[in-house]
2 protein chains.
Amino acid sequence: MIEELEKVKDSILIKGIKTQELSSMLGCLRCVIKKYDKGETVISEGDKINKFGLLIEGKLQVVQYDYLGNKSVVSVIEPKQIFGEAFAYVDKISSLDVEAIEKSKVLFLDSDKLSTPCENCCTFHKQLVKNLLYTISNKNVNLTQKIECMSQRTTKEKLLTFLSLESIKNNSKEFTISLDRQALADYLGVERSAMSAELSKLRNDGIIECEKNWFKLL
Amino acid sequence: MIEELEKVKDSILIKGIKTQELSSMLGCLRCVIKKYDKGETVISEGDKINKFGLLIEGKLQVVQYDYLGNKSVVSVIEPKQIFGEAFAYVDKISSLDVEAIEKSKVLFLDSDKLSTPCENCCTFHKQLVKNLLYTISNKNVNLTQKIECMSQRTTKEKLLTFLSLESIKNNSKEFTISLDRQALADYLGVERSAMSAELSKLRNDGIIECEKNWFKLL
DNA sequence: AAAAGTATGTTGGAAATCCAACAAGTTTTT
DNA sequence: AAAAACTTGTTGGATTTCCAACATACTTTT
């Protein structure tokens, strides 16, 4: 089990915890590792969650079904990322599914054990809580920024809001983004082709320069 | 200071902490209370945040300015609610403003002190961390649901997604919501009048019944 | 009880988005 | 190196949303 943990020791959740503390952590937080084949379900909608996951290897997908039963992908989980923590701490049943899209290994941690330090108040506990607060807060900031973009009325405004936030993040008028056109359109909640057209217009109007994933605000 | 705390002792953050523990908490977390007149700024965009706030009395507004300088209200803070915690824990500068829209009293707590229990590991610390994790996770779930609604392409789908989520929350096909039409339109990111028209259509098509804040899914 | 203010529904033309289809360029596979 | 698969940009008509203006109902103030 320790060998598996080594693979993710620089993940945001475990970062800063000494190697010699890892094994006491495993016991203290009732850690278990589970393996999933491609296509298997990791968390089902309706599950009561009291553990959250840290993906060690493979790839997962968070999906959701709307009122008509249409499936949509909410996010993709890569190794070293955590998932399910929000539902674990609000103590609600999950409204999302998590599925393995590759053969995967997941470390589950007991959410209650993590937030309630044991009597001897192990030092790694403090660090874990800090890391977890950081991670969830960070997700909140990102969700808020996505909402900021999506709240704009026109595609042009959505694009400019997104690009301006990216520019701030990169502290420069020039930057590259990690999304391709389709992913960006999905992120902003608009049609890819309409967005492409709008990008061209922004370019022709001399407001931006761009090529592939590279952008420059003028 | 203790008297002020009494007013918010059933807030989600402080809930479950014994009265006799409150005073040691005040010291341990370097609490300070600040007062603001109507119109005063509580947090400025660009501020480095290492404390977060618990509103004791009054009313605050979280606002943001887009790339053109247009102001928009992100949320309204009522007494007993906390604010600024996301920026405090990601250790980034705030990208939002918080302003008092009524004469207000705010309790500030040191975010670092809260997440790093002191040597004696006071019991209230554990409870605070739990409460904080609950609060942030809950915001996370709410933001995700808002995004789920806003991601829908048409106003009709946005409405039905929202209503279906409310129905699940209330565990019933019939329920009342806390938003008026304008607030609902803002929440979904659409035009009020267009949304009203869409609601009428849903009613005529026999998909829902509604009157004011009361809704029934058929 | 009248007046003013607020919330909601309705409507029609202007504007924006969606959608489907295709062209051109790029990357990956064979 | 050719073929296949994928990505991006373009276009035009159908659909949807926005916007502004107004009617009606309900609430609050005077």
Trainee: Measure from CD on Glu191(A) to P on dT17(D) and round the result to the nearest Å.
Mentor: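 Distance check: Glu191(A) CD to dT17(D) P gives 14 Å.
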
Trainee: What pairs with Lys103(A) under side-chain contact (heavy atoms from CB on, under 4.5 Å), at least two apart in sequence or on another chain?
Mentor: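 Lys103(A): side-chain contact (heavy atoms from CB on, under 4.5 Å) contacts with Asp37(A).
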
Trainee: Measure the distance from CG on Leu159(B) to P on dT17(D) and round it to the nearest whole Å.
Mentor: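 After rounding, the gap between these two atoms is 10 Å.
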
Trainee: Whether the side chain of Ser44(B) engages the backbone of Asp47(B) through a donor-acceptor N/O pair (distance < 3.5 Å, no angle test) should be reported.
Mentor: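 Answer holds: no.
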
Trainee: Kindly write out the residues that satisfy salt bridge (charged side-chain N to carboxylate O under 4.0 Å, His left out) with Lys9(A), not counting sequence neighbours, or none if the list is empty.
Mentor: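 With sequence neighbours excluded, Lys9(A) shows a salt bridge (charged side-chain N to carboxylate O under 4.0 Å, His left out) to Glu6(A), given in chain and number order.
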
Trainee: Scan residues 201-218 of chain A against DNA chain C and write down, sorted by residue number, each residue with any heavy atom closer than 4.0 Å; if none is found, say none.
Mentor: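 Close to the strand are Lys212(A).
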
Trainee: Specify the angle, to 10°, made by the local axes at the two ends of the helix from dA1(C)-dT30(D) to dT30(C)-dA1(D) when five pairs are taken at each end.
Mentor: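 Result, rounded to 10 degrees: 50°.
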
Trainee: Return the nearest nucleotide to the side chain of Ser200(A); candidates are dT10(D), dT7(D), dC18(D).
Mentor: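 Closest nucleotide among those given: dT10(D).
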
Trainee: Only one of Leu5(A), Leu26(A), Leu22(A) clears side chain to side chain contact (heavy atoms under 4.5 Å, CB included) with Cys31(A); which?
Mentor: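 Result: among Leu5(A), Leu26(A), Leu22(A), Leu26(A) is the only option passing the side chain to side chain contact (heavy atoms under 4.5 Å, CB included) with Cys31(A).
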
Trainee: What is the distance, rounded to the nearest whole Å, between atom CG of Leu188(B) and atom P of dT16(D)?
Mentor: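 For the pair Leu188(B) CG and dT16(D) P, the rounded distance is 18 Å.
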
Trainee: Taking side chain to side chain contact (heavy atoms under 4.5 Å, CB included) as the criterion, tell me which of Asp97(B), Thr41(B), Ile101(B) meets it with Val63(B).
Mentor: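 By the side chain to side chain contact (heavy atoms under 4.5 Å, CB included) criterion, Val63(B) pairs with just one of Asp97(B), Thr41(B), Ile101(B): Asp97(B).
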
Trainee: Looking at side-chain heavy atoms only, is the closest gap between Leu160(A) and Ile207(A) below 4.5 Å?
Mentor: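 In contact.
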
Trainee: May I ask you to test the Leu109(A)-Leu13(A) pair for a side-chain heavy-atom distance under 4.5 Å?
Mentor: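 A side-chain contact exists here, since the closest heavy-atom pair is under 4.5 Å.
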
Trainee: Pairs under 3.5 angstrom only: tabulate donor-acceptor contacts from the side chains of residues 74-94 of chain A to other protein residues two or more places apart or in another chain.
Mentor:
residue, atom, partner, partner atom, Å
Lys80(A), NZ, Asp10(A), OD1, 3.2
Lys80(A), NZ, Asp10(A), OD2, 3.2
Gln81(A), OE1, Glu78(A), N, 3.0
Glu85(A), OE2, Lys139(A), NZ, 2.9
Tyr89(A), OH, Ser111(A), O, 2.7
Asp91(A), OD1, Lys48(A), NZ, 2.8
Ser94(A), OG, Leu96(A), N, 3.0
Ser94(A), OG, Leu96(A), O, 2.7

Trainee: Would you say the side chain of Leu143(A) lies within less than 4.5 Å of the side chain of Thr144(B), judging by non-hydrogen atoms?
Mentor: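 Yes; the side chains approach each other to less than 4.5 Å.
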
Trainee: What is the nucleic acid contact for Glu198(A), judged by heavy atoms within less than 4.0 Å: base, sugar-phosphate only, or nothing?
Mentor: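 Contact class for Glu198(A): sugar-phosphate only.
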
Trainee: Hey, does Ser196(B) reach any base, or is it just sugar-phosphate, or nothing, if we go heavy atoms under 4.0 Å?
Mentor: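 Base: the residue Ser196(B), judged by heavy atoms under 4.0 Å, touches a nucleobase.
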
Trainee: Name the first nucleotide and the last nucleotide along DNA chain C (5' to 3') that come under 4.0 Å of a heavy atom in chain B.
Mentor: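 Range of nucleotides touched by chain B: dT8(C) to dC18(C).
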
Trainee: Without decimals, in angstroms, what is the distance between Gln182(A) CD and dA5(D) P?
Mentor: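 After rounding, the reported distance stands at 19 Å.
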
Trainee: Could you please name the option among dT10(D), dC18(D), dT17(D) that lies closest to any side-chain atom of Thr155(B)?
Mentor: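 Of the candidates, dT17(D) comes closest.
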
Trainee: Counting the atoms with a prime plus P, OP1 and OP2 as sugar-phosphate, which does Arg192(B) contact under 4.0 Å by heavy atoms, base, sugar-phosphate, or nothing?
Mentor: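 If one applies the 4.0 Å heavy-atom cut-off, Arg192(B) turns out to touch a base.
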
Trainee: Give a yes or no on whether the backbone of Cys210(A) and the side-chain of Arg203(A) come within a donor-acceptor separation of less than 3.5 Å.
Mentor: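 Yes, Arg203(A) side chain to Cys210(A) backbone: donor-acceptor pair under 3.5 Å.
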
Trainee: Could you tell me whether the side chain of Leu184(B) reaches within less than 4.5 Å of the side chain of Ile177(B), counting heavy atoms only?
Mentor: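 Sidechains of Leu184(B) and Ile177(B): in contact.
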
Trainee: If you assign Ala194(A) and Met195(B) each to the DNA chain D nucleotide with the nearest heavy atom, which residue ends up on the more 5' nucleotide?
Mentor: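 By nearest-heavy-atom nucleotide position, the 5'-most residue is Ala194(A).
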
Trainee: Assign each of Ser193(A) and Lys156(A) to its nearest nucleotide of DNA chain C by heavy atoms, then name whichever residue's nucleotide is nearer the 5' end.
Mentor: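 It is Lys156(A), whose closest nucleotide lies nearer the 5' terminus.
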
